[in-house]
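One structure is given below, encoded as structure tokens.
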Amino acid sequence: MRFPLSKEDTAMIKDAQVLRLRQFIGDGHPLYLAALKVGMDTKTARKYRHADRLPSESFSRQTWRTREDPFQEVWPELRDRLELNPGLQAKTLFEDLQRRFPGRFPDGQLRTLQRKIKAWRATEGPPKEVFFDQNHTPGELCASDFTCMNDLHITLGGQPFDHLVFHLVLTYSNWETGTVCFSESFESLSQGLQDALWELGGVPKIHRTDRLTAAVNNLGDRDLFQQNYRALLAHYGLKPQAIQARKANQNGDVEQSHHRFKTAVDQSLMMRGSRDFDDRESYQKFLSELFAQRNSNRTERFAEERPRLGDLPTRRIDAWHRRPVRVTQGSTIQIRTNIYSVPSRLIGERVDVHVMAEYLEVWHGTVLVERLPRLRGRHKHLINYRHLIDWLVRKPGAFAAYRYQDSMFPTSRFRRVYDALLEHGPGRAAADYLRILELAAKESEAGVDSVLARLLEWNVPITPTVVEEHLRHDLGLPRAMEVFVTTVDLSSYDQLLETREDFSLPSPQMCTSL
């Protein structure tokens, strides 16, 4: 026998109450007493005594609307838009309706439209991408990628420290590590991967990455990149595996680990109370300690994985490549798309440039002649005025239109001085400024900068001679082109003459007797 049960009945009465009620009635308790024992009204207990369904089985979902649908008339149009562009958000469509039908759709109806669109997507919308859980084998696969850390606003000595982290994860145990770097270059990839493998103490079978498009573009030669990358993996016995283009989810282990790792860094920085570090070494130590802490919770699965890793080779492979170039007449070399200056004595010479992750080493034969910081990005230049100042002083007319003139101002004060010289004497501005710059190159850049700051503050005319005098005074050097003549006391000569007169030679008789 069935009794119609209201929504209120089924919401208030639990299955356990009905089961206990039937148990008490079966034990011979009267209905009113059994209902009292389970906290149920006698009238309600009478309904459930002979009902063949429990409360959870008796509730039927309401399928009719309790109020009129305010979007009924415009829904066909909204549905057509959603079918054409499934990514459209309910808020965007709602704001469009408010613009086209002023006053018809109040703000409170946004939630109604969101529920309607959500229901449509779940029942009639396009199918969503399915992600298939994978079985990971110990020691089989490691995944790596670069992640940008700039949004964490880390500083070194108070200065912004824009950088990346090369991040490697073992997909079975989730053991992870990372290396600070500054670009998605092959050299950064090589150094980061080797650092990770030597810290791990073994080699997995497969190395998974994205398409490494940024690294290929930075190298500028796809064939050369593939050659270097294959050589790197072959040295460690790794097999390459790349995900499909624009399918970051296929490298999901490291992508998800990026998010968790950066969240952990952010939380640790909050607990630390400061995002500023003394230097890069202290920041790298902070990251290493964080990785160690995170890996401490993965010891059990890592213990399964460690014995299945391959052996490391006897040595690391160099994380750089050699590029022979010729020094141009402008005393510059070009490495990929970036320009660097070198000492002018190398003009016309062929030099070997060792391109490393963060530095360039310029070699002439077996002599290291220059070590330069590597530029980040493309189509940039690094011009050192000290390499060129000797000839700029001789050719001041070339300064005004010099392509890399911006590099000839070590600080903002040098720029202000040049502008002031242009204002007071355009004809001699370049020559005078270059003489001041020569002082900075050959004496002290910091000292000249300090002198310029003082002269600008005093608002006095600035000339190379004035700057040189102040600089020599600050450095404790003798004044240039100044001769000091010591006054001679002539009375000392008179004393010598008087002494000569008092002195008499012996007589011949005396000489004979002697």
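By convention here, the first residue in the shown sequence is residue 1.
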Quiz item: With the threshold set at 4.0 Å, does a side-chain nitrogen-carboxylate oxygen contact exist between Arg104 and Glu73?
Solution: yes
Quiz prompt | Point-to-point distance, once rounded to the nearest 0.5 Å, from CG of Leu375 to CD1 of Ile339 | solution = 9.5 Å
Quiz item: Val38 versus Phe24: any side-chain heavy-atom pair under 4.5 Å?
Solution: yes
Quiz item: Please walk me through it: do His167 and Phe146 pass ring pair (Phe, Tyr, Trp, His ring centres under 6.0 Å)?
Solution: CA-CA 6 Å; His167 194 195; Phe146 294 90; over 10 Å; no
Indicate every side-chain donor-acceptor pair of residues 355-362 with a distance under 3.5 Å to a residue at least two apart or in another chain.
| from | atom 1 | to | atom 2 | distance (Å) |
| --- | --- | --- | --- | --- |
| Glu358 | OE1 | Arg280 | NH1 | 2.4 |
| Glu358 | OE2 | Arg280 | NH1 | 2.9 |
| Glu358 | OE2 | Arg280 | NH2 | 2.5 |
| Glu361 | OE1 | Trp363 | NE1 | 3.1 |

Self-check item: Salt bridge Asp195-Arg316, side-chain N to carboxylate O under 4.0 Å
Solution: yes
Quiz prompt | Note: Lys262-Asp151 ion pair, threshold 4.0 Å (strictly below) | solution = yes
Quiz prompt | Straight-line distance of Thr332 OG1 to Asn384 CG, nearest 0.5 Å | solution = 13.0 Å
Quiz item: Looking only at atom types and distance, does a side-chain atom of Ser450 sit under 3.5 Å from a main-chain N or O of Ala446, one as donor and one as acceptor?
Solution: no
Quiz item: Below 4.5 Å, heavy atoms only, C-beta onward: do Leu388 and Met408 meet side chain to side chain?
Solution: yes
Self-check item: Flag side-chain contact, heavy atom, 4.5 Å: Val203 against Leu238
Solution: yes
Quiz item: What are the two closest heavy atoms between Thr123 and Ala119, and how far apart are they?
Solution: OG1-O, 2.8 Å
Quiz item: Does the side chain of Pro324 reach to within under 4.5 Å of the side chain of Val353, using non-hydrogen atoms?
Solution: no
Self-check item: Centroid-centroid under 6.0 Å between Phe277 and Phe161 rings
Solution: no
Self-check item: Which atom of Leu156 lies closest to which atom of Asp279, heavy atoms considered
Solution: CD2-O, 3.6 Å
Exercise. Could you please spell out the steps behind the side-chain contact (heavy atoms from CB on, under 4.5 Å) verdict for Val325 and Gln334?
Key: CA-CA 8 Å; Val325 295; Gln334 180 171 342; over 6 Å; no
Quiz item: Between Asp449 (side chain) and Glu445 (backbone), is there a donor-acceptor pair under 3.5 Å?
Solution: no
Practice problem: Would you confirm whether Arg336, through its side chain, and Asn338, through its main-chain N or O, come within 3.5 Å as a donor-acceptor pair? | Solution: no
Self-check item: Pair Gln98, Asp107: side-chain N/O donor-acceptor within cut-off below 3.5 Å
Solution: yes
Quiz item: Heavy atoms, side chains only, cut-off 4.5 Å: are Phe261 and Leu287 in contact?
Solution: yes
Self-check item: Audit row: Arg100, Glu77, salt bridge (charged side-chain N to carboxylate O under 4.0 Å, His left out) steps and yes/no
Solution: CA-CA 13 Å; Arg100 292 193 290 131; Glu77 176 191 351; 2.9 Å; yes
Quiz item: Minimum heavy-atom separation for Ala196 to Trp175, with atom names?
Solution: O-CH2, 4.0 Å
Quiz item: Would you call the rings of His207 and Tyr229 parallel, tilted or perpendicular, where under 30° means parallel and over 60° means perpendicular?
Solution: tilted
Self-check item: Exceeds 12 heavy-atom contacts within 6.0 angstrom, atom CD of Gln293
Solution: no
Quiz item: Taking only residues at least two apart or on different chains, which pairs with a member in residues 339-354 satisfy salt bridge (charged side-chain N to carboxylate O under 4.0 Å, His left out)?
Solution: Arg322-Asp352
Exercise. Rounded to the nearest 0.5 Å, what's the gap from OG on Ser183 to CZ on Arg378? Could you check?
Key: 11.5 Å
Quiz item: Near Arg115 CZ, under 6.0 Å, is it more than 12 heavy atoms from other residues, nucleotides or ligands?
Solution: yes
Quiz item: With distance as the sole test, does Arg294 use its side chain to make a donor-acceptor pair with the main-chain N or O of Glu176 at under 3.5 Å?
Solution: no
Quiz item: Hey, are the side chains of Tyr236 and Gln194 touching, using non-hydrogen atoms and a 4.5 Å cut-off?
Solution: yes
Quiz item: Side chains of Leu164 and Thr147: does their closest heavy-atom pair fall under 4.5 Å?
Solution: no
Practice problem: Check step by step if side chain to side chain donor-acceptor pair (under 3.5 Å) holds for Glu184 and Ser188. | Solution: CA-CA 6 Å; Glu184 296 188 40; Ser188 296; over 6 Å; no
Self-check item: Distance in Å, Trp75 CH2 paired with Asp69 CG, rounded so as to fall on 0.5 Å steps
Solution: 9.0 Å
Self-check item: Gap separating the CD atom of Gln329 from the CD1 atom of Ile347, nearest 0.5 angstrom
Solution: 6.0 Å
Self-check item: Distance flag, aromatic centroids of Tyr340 and His381, threshold under 6.0 Å
Solution: no
Quiz item: Given the rule in the side-chain contact (heavy atoms from CB on, under 4.5 Å) test, do Ile383 and Tyr402 qualify, once you have shown the distances and angles that lead to the verdict?
Solution: CA-CA 12 Å; Ile383 307 297; Tyr402 181 44; 4.0 Å; yes
Self-check item: Between OH on residue Tyr283 and CD1 on residue Ile154, distance to nearest 0.5 Å
Solution: 3.0 Å
Practice problem: Would you confirm whether Ser144, through its side chain, and Leu168, through its main-chain N or O, come within 3.5 Å as a donor-acceptor pair? | Solution: no
Practice problem: Taking the six-membered ring for Trp and the full ring for Phe, Tyr or His, determine whether the centres of His321 and Phe186 are under 6.0 Å apart. | Solution: no
Exercise. Determine, stepwise, if the pair Phe105 / Phe71 fulfils ring pair (Phe, Tyr, Trp, His ring centres under 6.0 Å).
Key: CA-CA 9 Å; Phe105 299 100; Phe71 301 101; 5.2 Å; yes
Practice problem: Return yes if some donor-acceptor pair links the side-chain N/O of Thr155 with the main-chain N/O of Gln159 below 3.5 Å, else return no. | Solution: no
Quiz item: Got a donor-acceptor contact below 3.5 angstrom from the Asp276 side chain to the Gly157 backbone?
Solution: yes
Quiz item: Will you find, in the side chains of Ser341 and His387, an N or O donor that is under 3.5 Å from an N or O acceptor?
Solution: yes
Quiz prompt | Stepwise side-chain contact (heavy atoms from CB on, under 4.5 Å) check, Asp80 with Leu84 | solution = CA-CA 6 Å; Asp80 291 343; Leu84 183 62; over 6 Å; no
Exercise. Identify the two heavy atoms, one from Lys239 and one from Leu233, that lie closest to each other, and give their separation to 0.1 Å.
Key: C-CD1, 4.3 Å
Quiz item: What heavy-atom pair brings Ile317 and Ala231 nearest, and what distance separates the two atoms?
Solution: CD1-O, 4.4 Å
Quiz item: Could Asp27 and Arg22 be called an ion pair, given the rule that one side-chain N must be under 4.0 Å from one carboxylate O?
Solution: no
Practice problem: Let me see the working for Gln241 and Thr209 under side-chain contact (heavy atoms from CB on, under 4.5 Å), right down to the final yes or no. | Solution: CA-CA 6 Å; Gln241 184 182 93; Thr209 63; over 6 Å; no
Quiz prompt | Ring centers of Phe414, Phe409 separated by less than 6.0 Å | solution = no
Quiz prompt | Salt-bridge contact Arg415-Asp406 (side-chain N to carboxylate O under 4.0 Å) | solution = no
Self-check item: Exam field: side chain Ser268 to backbone Ala264, donor-acceptor pair closer than 3.5 Å
Solution: yes
Quiz prompt | Pairs involving residues 299-315, ordered by first then second residue, that meet salt bridge (charged side-chain N to carboxylate O under 4.0 Å, His left out) (sequence neighbours left out) | solution = none
Exercise. Ignoring hydrogens and angles, state whether a donor on the side chain of Thr263 or Gln267 is under 3.5 Å from an acceptor on the partner side chain.
Key: no
Quiz prompt | Nearest heavy atoms of Phe166 and Leu189, plus distance in Å | solution = CE1-CD1, 3.4 Å
